[in-house]
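For ligands, and for the atoms within them, numbers begin at 1 and follow the listed sequence. Note that the structure is a prediction, hence the values are computed from the model and not measured.
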Amino acid sequence: MRRSTRRSYLKRQQHGLARKRQIAGTLEEWRASAFEHALEQFDEAARRLKLRDNQIAMIKLPRRITEVRLPVRMDDGTIRNFRAFRVQHNIARGPAKGGIRFHQDVNVDEVKALAFWMTYKCAVVGIPMGGAKGGVVVDPGKLSPGERERLSRRYMAEMIDLFGPDRDVPAPDVNTGPQVMSWMMDTYIMHKHDFLPGVITGKPVGLGGSEGRRSATSLGVLFCVRKAAQRLGLQLKGATATVQGFGNVGSYAAQLLAQDGVRVVAISDVEGAWRNDDGIDIRAAMNHVARRGSLRGFRGGVRMLSAAKLLELPVDILVPAALENQITGGNAARVRAQIIAEGANGPTTPDADRILAKRGAFVIPDILCNAGGVTVSYLEWVQNRMGYYWTEERVNQDLKRYMDHAFDVVYDTMKKRRVSMRVAAFMVAIQRVTEASEMRGLYA
Ligand code: NAD
């Protein structure tokens with residue numbers, strides 16, 4: 001390698017490493033403090049609701065935290081143990097509900113926070129389920145398909161007594177999808193000797209999954225954005241948007257917004273951000289990702305020097321749909337969008353929330369904005385129990401009804417109580433969980 005080429009190669013390597021460290025740093029920080037952020041959100045809403053200590057004692061903290069080590073035989077014959085968690089936060093309103101995440105950095109604090117948000121997400125949209133979340137500490141990219149299958153089956157087998165259509169119903173999350181759900185469902189059925197597909201959601205349509213699940217979260221985001229725009233007097237046709245993250249949630253959200261006439265001027269994924277002020281051709285971007293696995297090499301826009309700057313572009317709508325902890329005390333003052341629609345879980349920290357509120361940004365909080373996914377998971381569970389399956393049109397109609405109603409209730413609470421949309425969403429949800437918990441009383 002020529003010296004100058006080598007120098008620029010090393011510079012690129014160092015830059016990449018620094019960027020990775022930066023991302024890892026913020027994520028690590030978030031993972032350590034996720035549950036604290038969640039409790040801070042709870043405390044503010046509980047204070048406004050004037051909850052009594054005994055009410056708080058029944059609903060604030062997770063009810064059951066299970067940690068196991070899953071022994072799995074690897075392809076080379078060795079046995080490796082994987083740490084795994086299932087946190088059931090609250091089941092006052094129905095069986096626990098929440099995804100299972102496979103990730104090398106997952107920890108119990110993060111799973112507790114995600115389970116907490118599931119309780120209040122289900123409550124805010126009014127579906128009769130509680131909150132849970134699961135995780136396995138593993139980099140699934142390093143496993144063979146056979147190892148992934150044995151790990152998935154062992155997870156279900158090891159904690160089988162926690163699960164059941166009337167107990168706790170898992171679903172996919174980061175790095176798990178329809179195939180992992182199918183293996184887990186099969187393991188459950190093999191143990192119980194009953195065909196109970198409602199034990200898990202996010203299954204393939206051919207195995208009891210629901211039509212419409214794939215785009216459900218993004219469709220829910222769109223319904224919320226439409227409502228917000230209406231309330232703010234913003235015409236969606238001709239409005240501008242940026243979308244961070246171009247996976248399941250981000251890509252469909254961008255496509256649906258574009259179909260409503262919104263000009264999506266920048267999109268991003270883990271490879272970087274692309275900007276086109278005339279509007280990105282979302283269909284072309286989706287085709288590119290389907291072919292190449294990411295936006296790398298996408299020619300439908302100019303690659304931005306800093307992907308993080310996407311959050312700060314002067315647009316009407318910003319959809320964070322990638323990671324947690326993206327809008328923080330460090331950049332919130334530079335985020336200029338009028339509507340921030342949280343497709344991701346936990347993209348905004350509490351200190352950023354305060355900054356955004358001060359300048360009057362309209363934040364549609366995650367527990368409301370991305371609840372379309374769990375709503376259609378619930379509809380899948382309902383269809384499994386009936387053994388009768390609906391068309392996509394029917395599923396989307398129900399989804400719209402749930403989302404529109406939830407938005408209106410939260411919006412009215414925001415106005416009446418003079419709080420942010422996030423505090424209002426938690427107030428509505430906490431009120432419902434408290435009521436269910438009080439009506440059931442304390443068995444002892
Ligand atoms: P995904 O894995 O399909 O997509 C994630 C996207 O984010 C990818 O395009 C990835 O490249 C991108 N990304 C990763 N790091 C990035 C970075 N530093 N900058 C910009 N982009 C980056 O995941 P998903 O299912 O779309 O989930 C995204 C978020 O939405 C997560 O917070 C998830 O918990 C939340 N969520 C998802 C659903 C669902 O139904 N899938 C439901 C509710 C909430």
Query raised in the report: Just which atoms of ligand 1 are under 4.0 Å from any heavy atom in Arg101?
Result: 34 (O)

Query raised in the report: Going by the atom numbers of ligand 1, which of them fall below 4.0 Å from some non-hydrogen atom of Arg213?
Result: 40 (O)

Query raised in the report: N/O to N/O below 3.5 Å, does that happen between Ala321 and ligand 1?
Result: no

Report task. For atom 35 (C) of ligand 1, state which one of Gly343, Ala171, Gly346 supplies the nearest heavy atom. Result -> Gly343

Query raised in the report: Taking the inter-plane angle between the rings of Phe42 and Phe116 on a 0 to 90° scale, is it parallel (under 30°), tilted (30 to 60°) or perpendicular (over 60°)?
Result: perpendicular

Requested in this report: Ignoring hydrogens and angles, tell me if any N or O in the side chain of Glu147 forms a donor-acceptor pair with the backbone of Asp75 under 3.5 Å.
Outcome: yes

Requested in this report: Record the part of Ser251 in heavy-atom contact with ligand 1 below 4.0 Å; permitted values are side chain, backbone, both and neither.
Outcome: neither

**Report entry** Per-atom contacts of ligand 1 with Ala344, taking only distances under 4.0 Å to non-hydrogen atoms
**Finding:** 29 (C), 30 (O), 32 (O), 35 (C)

Query raised in the report: Are side-chain N/O atoms of Tyr389 and Asn384 paired as donor and acceptor at under 3.5 Å?
Result: yes

Query raised in the report: Quick one: which ligand 1 atoms are inside 4.0 Å of a heavy atom on Thr217?
Result: 38 (C), 39 (C), 40 (O), 42 (C), 43 (C)

Query raised in the report: Does ligand 1 have an atom under 4.0 Å from some heavy atom of Ala307?
Result: no

**Report entry** Within-cut-off N or O pair, Asn248 and ligand 1, under 3.5 Å
**Finding:** yes

Query raised in the report: Would you call Lys400 and Asp398 a salt bridge, taking side-chain N to carboxylate O under 4.0 Å as the test?
Result: no

Requested in this report: Below 4.0 angstrom from a heavy atom of Val249, which ligand 1 atoms are there? Numbered from 1 as shown, please.
Outcome: 24 (P), 26 (O), 27 (O), 30 (O), 37 (C), 38 (C), 39 (C), 41 (N)

Query - ligand 1 N/O within reach of Val174 N/O, cut-off under 3.5 Å - result: no

Requested in this report: For Ser268, take its heavy atoms, then give the atoms of ligand 1 lying under 4.0 Å from any of them.
Outcome: 20 (C)

Query - Exercise: do Glu342 and Thr348 side chains pair donor with acceptor under 3.5 Å - result: yes

**Report entry** Electrostatic pair Glu67-Lys112, nearest N-O below 4.0 angstrom
**Finding:** no

**Report entry** Glu312/Lys309 ion pair, N-O < 4.0 Å
**Finding:** yes

Query raised in the report: Hey, are Gln244 and Ser268 close enough side-chain-wise for a donor-acceptor pair under 3.5 Å?
Result: no

**Report entry** Expected output: side-chain Thr240 to main-chain Asp316 donor-acceptor under 3.5 Å
**Finding:** yes

Query raised in the report: Are Asn345 and ligand 1 in contact, using a heavy-atom cut-off of under 4.0 Å?
Result: yes

Query - ligand 1-proximal atoms of Leu323, by part, heavy-atom distance under 4.0 Å - result: side chain

Query - Tyr252 six-ring face occupied by Arg214 cation (under 6.0 Å, within 45°) - result: no

Query - Test of proximity, Gly247 against ligand 1: N or O pairs below 3.5 Å - result: yes

Query raised in the report: For ligand 1, which atoms have a heavy atom of Ala322 less than 4.0 angstrom away?
Result: 7 (O), 13 (N), 21 (N), 22 (C), 28 (C), 29 (C), 31 (C), 32 (O)

